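In what follows, a structure is listed as structure tokens, so that the remarks can point back to it.
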Amino acid sequence: QVQLVESQGGLVQAGGSLRLSCAASGSIFSIGTMGWYRQAPGKQRDLVATITRSGLTNYADSVKGRFTISRDNARNTVYLQMNDVKAEDTAVYYCNARGINIRESWGTGTLVTVSS
């Protein structure tokens, strides 16, 4: 199985930038797609972005042009570069990993708070 640990969340000013990290351990060679999801207060958990092992990406419409997902396979780490953050980006951000022969894995989340 895969274990995921998110880091680098925190407080950021509206219009500013933040980069989240997620380090994977365990059955790392079984990981295919990784992604970031978020859950704002009173809302369900929604997709932010995903990235395949080969680097193909997709994004929620709400973050296109502002956020960039990337991964360093050698370091078993996925990143979310958040630029021009907005108040509506405030949420707990969760790292996700899935692949063949492993159960879908989730981190415990890192809080991002955007202040204005």
Side-chain angles (χ1 to χ4, degrees):
Q1 299 303 307
V2 173
Q3 296 79 47
L4 304 172
V5 179
E6 304 100 335
S7 62
Q8 305 304 120
L11 179 66
V12 61
Q13 296 282 88
S17 297
L18 196 67
R19 190 174 78 156
L20 307 183
S21 297
C22 172
S25 61
S27 301
I28 56 176
F29 296 113
S30 297
I31 296 174
T33 299
M34 300 186 72
W36 290 94
Y37 295 72
R38 67 187 181 186
Q39 187 167 20
K43 298 183 179 296
Q44 65 182 9
R45 187 176 299 185
D46 292 325
L47 169 75
V48 177
T50 61
I51 184 168
T52 69
R53 191 167 184 85
S54 62
L56 298 177
T57 61
N58 78 93
Y59 297 89
D61 288 342
S62 59
V63 306
K64 285 182 179 178
R66 299 189 298 118
F67 292 6
T68 303
I69 188 171
S70 62
R71 66 193 292 174
D72 184 339
N73 291 330
R75 297 181 178 181
N76 306 311
T77 301
V78 64
Y79 305 93
L80 185 69
Q81 178 66 47
M82 306 168 61
N83 295 330
D84 190 26
V85 296
K86 303 176 180 180
E88 54 263 39
D89 295 322
T90 295
V92 176
Y93 284 71
Y94 297 91
C95 185
N96 170 269
R98 59 185 184 271
I100 298 175
N101 295 322
I102 60 170
R103 186 171 296 276
E104 185 175 46
S105 299
W106 293 92
T108 56
T110 186
L111 177 64
V112 173
T113 302
V114 180
S115 64
S116 59

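Just so you know, these numbers use all the heavy atoms, side chains as well, and skip hydrogens, waters and symmetry mates. These numbers were taken from a predicted model, which means no experiment stands behind them.
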For [X], which residues count as a side chain to side chain contact (heavy atoms under 4.5 Å, CB included) partner, sequence neighbours excluded?
{"X": "T57", "result": "I51, Y59, I69"}
{"X": "S17", "result": "Q81, N83"}
{"X": "N58", "result": "L47, T50"}
{"X": "S54", "result": "T52, L56"}

Test salt bridge (charged side-chain N to carboxylate O under 4.0 Å, His left out) applied to R75 - qualifying residues, sequence neighbours left out: D72
Holding to salt bridge (charged side-chain N to carboxylate O under 4.0 Å, His left out), I want the full list of residues that pass it with R66, two or more places apart in sequence or in another chain.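 So R66 forms a salt bridge (charged side-chain N to carboxylate O under 4.0 Å, His left out) with D89.
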Under the side-chain hydrogen bond (donor to acceptor under 3.5 Å, both in side chains) test, which residues partner [X], sequence neighbours left out?
{"X": "Q1", "answer": "none"}
{"X": "D84", "answer": "none"}
{"X": "N101", "answer": "none"}
{"X": "N76", "answer": "none"}

Going by the ring-ring contact (aromatic ring centres under 6.0 Å, His included) test, which pairs reach into residues 68-115, not counting sequence neighbours?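 Listed by first then second residue: Y37-W106.
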Under the side-chain hydrogen bond (donor to acceptor under 3.5 Å, both in side chains) definition, can you give me all pairs with a residue in residues 7-16, not counting sequence neighbours?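 For residues 7-16, and leaving out neighbouring residues, the side-chain hydrogen bond (donor to acceptor under 3.5 Å, both in side chains) pairs sorted by first residue read Q13-S115.
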